[in-house]
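Lettering follows sequence order; numbering is per chain, from 1.
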Amino acid sequence: GAGVSQSPRYKVAKRGQDVALRCDPISGHVSLFWYQQALGQGPEFLTYFQNEAQLDKSGLPSDRFFAERPEGSVSTLKIQRTQQEDSAVYLCASSSLAGGVGDTQYFGPGTRLTVL
Amino acid sequence: DQQVKQNSPSLSVQEGRISILNCDYTNSMFDYFLWYKKYPAEGPTFLISISSIKDKNEDGRFTVFLNKSAKHLSLHIVPSQPGDSAVYFCAASAQKLVFGQGTRLTINP
């Protein structure tokens, strides 16, 4: 595709609901990353996939957060029992290389999650 | 502990002048540095990058300088244009990206 796409662009959830956020990376990109951006802050790393393998999930804030990329392309970030502190913009990025120097990540437009 | 810092939350520059955005980092393991530009309601857009083996990279109006001994990088935009008004993030890579807090650049006509 032309770029990274994410859906939905905006999501409002009641506290306690489960949400699923989708990311379509650039076609053929090996690596996929999820970031969380709070208001007025820079994005913060959540998790990283190389093809279908989740190689790093050190940034996931709690076990309520779960990500998958079963076929090595589309990825879903799931948040269970959402809480108000989960309100943020969730960004997905992809890169063509499998890590290493010079691996530029390209970002999608993000999903703005608001938990009431 | 903030590994990447942008100490200026905002910067205002007159059109046609040079804009200089600064970024400091603490982790000497970072091997690749990037600048992203972000407009409201959009994701960060890649602007320019530099490998740790270089000290300068230039692309049109944008130049990034890296001073490894000082753990400091800067982005120069010259001449600045109104369309450059956005939030700029520096990021450092050790595979995953670590971002600074961003600097809001405003170019005044």
**Q** Answer with yes or no whether the hydrophobic clustering places A:Leu46 together with A:Leu91; edges join I, L, V, M, F, W, Y residues whose side-chain heavy atoms lie under 4.5 Å apart.
**A** no
**Q** Count the heavy atoms belonging to other residues, nucleotides or ligands that lie under 6.0 Å from CZ of A:Arg64, then report whether that count exceeds 12.
**A**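 Atom CZ in A:Arg64 is packed in, count exceeds 12.
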**Q** What part of A:Arg9 lies closer than 4.5 angstrom to a heavy atom of chain B: side chain, backbone, both or neither?
**A**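 When you check distances to chain B, only side chain atoms of A:Arg9 fall under 4.5 Å.
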**Q** Hydrophobic clusters here meaning ILVMFWY residues chained together by side-chain heavy-atom distances under 4.5 Å, can you tell me if B:Val98 and B:Trp35 are in one?
**A** yes
**Q** If I take atom CZ from residue A:Phe107 and atom NZ from residue B:Lys38, how far apart are they, to the nearest 0.5 angstrom?
**A**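 Answer for the CZ-NZ pair, A:Phe107 versus B:Lys38, is 10.5 Å.
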**Q** Give a yes or no on whether A:Glu85 atom CD has more than 12 heavy-atom contacts from other residues, nucleotides or ligands under 6.0 Å away.
**A** yes
**Q** In terms of heavy-atom proximity below 4.5 Å to chain B, should A:Thr111 be classed as side chain, backbone, both, or neither?
**A**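 Contact with chain B is absent: no heavy atom of A:Thr111 under 4.5 Å.
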**Q** Among A:Pro43, A:Gly40, A:Gly110, A:Cys92, single out the residue with the greatest number of heavy-atom pairs under 4.5 Å to chain B.
**A** A:Pro43
**Q** Measure distances from B:Leu34 to the heavy atoms of chain A and classify the residue's part below 4.5 Å as side chain, backbone, both or neither.
**A**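 B:Leu34 touches chain A through side-chain heavy atoms alone.
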**Q** Checking heavy atoms, do the side chain of B:Glu42, its backbone, both or neither come under 4.5 Å from chain A?
**A** backbone
**Q** Which of residues 102-109 of chain B have a heavy atom under 4.5 Å from any heavy atom of chain A?
**A**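 Residues of residues 102-109 of chain B touching chain A at under 4.5 Å: none.
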**Q** Taking side chain as everything from C-beta outward and backbone as N, CA, C, O, which of these in B:Ala41 sits under 4.5 Å from a heavy atom of chain A? Side chain, backbone, both or neither.
**A** both
**Q** Do B:Tyr32 and A:Tyr35 land in one hydrophobic cluster if side-chain heavy atoms of ILVMFWY residues count as linked below 4.5 Å?
**A**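 In one cluster: yes.
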**Q** Give the cluster check for A:Phe49 versus A:Phe33: same hydrophobic cluster or not, with ILVMFWY residues linked at side-chain heavy-atom distances below 4.5 Å.
**A**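 Result: no, two separate clusters.
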**Q** Yes or no on side chain to side chain contact (heavy atoms under 4.5 Å, CB included) for B:Ser93 and A:Gln105, after CA distance, side-chain angles and deciding distance?
**A** CA-CA 10 Å; B:Ser93 175; A:Gln105 296 180 27; 5.5 Å; no
**Q** How many angstroms lie between CZ in A:Phe45 and CZ in B:Phe99, if you round to the nearest 0.5 Å?
**A**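 Reported value, rounded in 0.5 Å steps: 11.5 Å.
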**Q** Identify which part of A:Glu44 has an atom lying under 4.5 Å from any heavy atom of chain B, answering side chain, backbone, both or neither.
**A**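 No part of A:Glu44 comes within 4.5 Å of chain B.
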**Q** Compute whether any side-chain donor of one residue and acceptor of the other, for A:Tyr106 and B:Thr45, lie under 3.5 angstrom apart.
**A** no
**Q** What's the separation between atom OG1 in A:Thr104 and atom CG in B:Leu47, rounded to the nearest 0.5 Å?
**A** 11.5 Å
**Q** For residues B:Phe89 and A:Gln37, report the shortest heavy-atom separation together with the two atoms involved.
**A** CZ-NE2, 3.4 Å
**Q** Please tell me whether B:Tyr88 and B:Ile20 are part of a single hydrophobic cluster in this structure, the criterion being side-chain heavy atoms less than 4.5 Å apart.
**A**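 Different hydrophobic clusters.
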**Q** Is B:Tyr36 close to chain A through its backbone or its side chain, or both, or neither, when contacts mean heavy atoms under 4.5 Å?
**A**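 Just the side chain, heavy atoms under 4.5 Å.
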**Q** Tell me if the CG atom of A:Leu116 is crowded by more than 12 foreign heavy atoms within 6.0 Å.
**A** yes
